[in-house]
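Notes to accompany the following structure.
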Protein chains: 2
Amino acid sequence: MSGAQPIHAELIAVIVAVSDGAPRVLTLSDGTALPAGPLESGHRSLQAGLRNWVERQTGHTLGHIEQLYTFADPDRSRAGRSISISYLGLTRETRTKLGGQVSWQDWYRYFPWEDRRAPAILVESTIKPGLTRWVDDAADRQSRAARCFALDGAPWNEDLALSRYELLYEAGLVREAARDGRPVHGDFAPGIAMTADHRRILATAISRLRATIKYRPVVFELLPDQFTLLDLQRCIEALAGHTLHKGNFRRLIEGQTLLEETGTLATGPGRPAKLYRFSAAIRAERA
Amino acid sequence: MSGAQPIHAELIAVIVAVSDGAPRVLTLSDGTALPAGPLESGHRSLQAGLRNWVERQTGHTLGHIEQLYTFADPDRSRAGRSISISYLGLTRETRTKLGGQVSWQDWYRYFPWEDRRAPAILVESTIKPGLTRWVDDAADRQSRAARCFALDGAPWNEDLALSRYELLYEAGLVREAARDGRPVHGDFAPGIAMTADHRRILATAISRLRATIKYRPVVFELLPDQFTLLDLQRCIEALAGHTLHKGNFRRLIEGQTLLEETGTLATGPGRPAKLYRFSAAIRAERA
DNA sequence: ATAAATATACTCAATTCGAGTATAAGGATC
DNA sequence: GATCCTTATACTCGAATTGAGTATATTTAT
């Protein structure tokens, strides 16, 4: 066994905003890569290094960020091994310094099957046939496929975004599987591929975010200072990928101390809605 | 700004078992350190490296492990920077190759305030006074302290184990804070210190595990092949740090497809209980 | 035989949840 | 100005879940 090994650390960022009812992710290279760069000796911490790279590459300044996952590539190249550390950041979309190959992309372009706000026909029509062929190859695959994609009457669980991507990868139904030399079982599922494992990291972010919004008020970072209850609902629906019952959503929110009224009203079509902001206690907790 | 930096990766393991109604963690150095070692070029992956170190240092072979958190030390020493990647593993306690300084330790020795299965007097008597002094120094500390330690009638949330440790560290109420040169605000809270930030990593593991058992059947790895419903309940209570209502617990478990009866009965004082095992579907999912 | 300990089975009210209906208040159209 | 469309806000109601309690059964120990 050889001794301790000098390695190289790569920082990768999933920066999410919600606008026009779509969750968007900040990308490079025309939507095929996430902001990323190596940890440098000038970086005071992993977080600081990540902020620095995102700012250098996209001009975007980050607020609160959260660690996602760390993985190492297999030690194949003698050039030295690399470790990737990924982070999730929530923000509001800005137009600053975009252009070039920097852009905000609707995350459902990469994972069309994850959006079930409209009736979901995609799984039945496109994914199920490929999975069925793959399932036939081994016994224990059946229940996994059913659980991930709600195949045999099982309920859809939005938190399983990562498991679904991993399953499609294993089943050879996404382009990255073919690129990595794995066997293919049919037509690829719709959805755009990304470089390296960036699409897998994005799936990790979606899973994490969907699990988090259920018990922590993180949407706070995604909304403007003032917003209506429907704005808040649409924002959560965009992330979760399914619609909510309006009355029940209001009851849930109003039963908490999350929001306070601003006293002003929003304009637009229909009856004007009260504007809210997040309560002082919630805002303090993030800082 | 200097370029990419060669670094050194350290793998740290929190290995948990439950025996005699206590959650135990596998330690080195008479309970003051967790198993750990550098990633080496012979290691095929981070997981493989971790398994290798735990086996070398403690003789223990691991089952399923899960990543906890990655952090970098500030880049102070010119000797090179180090990144620590921590993992959580669940297992059953074995006596193999213990001795030396390897031992299983009740995790509540490090976090006495986390055990609320018996009436919790510790917070009121010991922690609250120190926190009160610390809170007086700044305004926003009040609500944080109250939320973490259920001070002003707020409910106790067992998932906040990490937040509680971090708060005590900030407030200078654990020994590690004094060791690191931070200001102290009163007597230290009870609980044993560990080397470096190992106690913080252990707190991370507790938080993660407590959050996970609520929606995933992970206890599976902690119990023997056959067990009674009370065994299962006691195991979960040990991890969660509070007791459960027996009837409601039974109802919850029996309403799922988690377990199947073995047909045999346990012996002991009192009426013999049915023995159960985890259902085949659950076991398959872990493999 | 009796006590102590544990297992198992119900009961019951409070709360939460999912889904629906009804009414209010604005702008746009004719 | 009447009508329609759109959105906001407020209730209602039954089903399901939850928290807490009581009652009975079956064993070992004394």
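Below, read A as the first sequence line, B as the second, and so on, with proteins coming before strands; counting in each chain starts at 1.
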Can you check the Phe249(A) CZ to dA8(D) P distance for me, whole Å? 12 Å

Whole-Å distance, Leu244(A) CG to dG18(C) P, equals 10 Å

Atom NE2 of His242(A) and atom P of dG18(C) are separated, to the nearest Å, by 10 Å

Between Asn248(B) and Tyr276(A), which is nearer to the 5' end of DNA chain D once each is assigned its nearest nucleotide? Tyr276(A)

Can you check whether Asp159(A)'s main-chain N or O pairs, donor with acceptor, with Asn157(A)'s side chain at less than 3.5 Å? yes

Without decimals, in angstroms, what is the distance between Gln256(A) CD and dC17(C) P? 10 Å

Quickly, which of Glu221(B), His64(B), His60(B) forms a side-chain hydrogen bond (donor to acceptor under 3.5 Å, both in side chains) with Thr91(B)? Name it, please. His60(B)

Should Lys246(B) be listed as having a side-chain N or O under 4.0 Å from OP1 or OP2 of dT8(C)? no

Calculate the interatomic distance between Gln233(A) atom CD and dT7(D) atom C1'; express it in whole Å. 12 Å

Could you check how far CD of Glu254(A) sits from C1' of dT9(D), rounded to whole Å? 8 Å

Which part of the nucleic acid, if any, lies within contact of Leu229(A), taking any heavy atom under 4.0 Å across all strands shown: a base, the sugar-phosphate backbone alone, or nothing? nothing

Counting only heavy atoms not in Arg147(A), do more than 12 sit closer than 6.0 Å to its CZ atom? no

With a cut-off of less than 4.0 Å, is there a side-chain N or O of Arg251(B) near OP1 or OP2 of dT18(D)? no

Does dT6(D) have OP1 or OP2 sitting under 4.0 Å from an N or O in the side chain of Arg271(A)? no

Start at the 5' end of DNA chain C and walk down; is the nucleotide closest to Leu252(A) or to Gly247(A) reached first? Leu252(A)

Would you call the rings of Phe111(A) and Trp113(A) parallel, tilted or perpendicular, where under 30° means parallel and over 60° means perpendicular? perpendicular

Please report the distance, rounded to the nearest Å, between CZ in Arg250(B) and P in dG19(D). 18 Å

Taking the six-membered ring for Trp and the single ring otherwise, decide whether the centroids of Phe227(A) and Phe278(A) are under 6.0 Å apart. yes

Look at all strands and tell whether Lys274(B) reaches a base, only sugar-phosphate, or nothing, counting heavy atoms closer than 4.0 Å. sugar-phosphate

Atom-to-atom span, NE2 of His245(A) to P of dA19(C) - whole angstrom: 8 Å

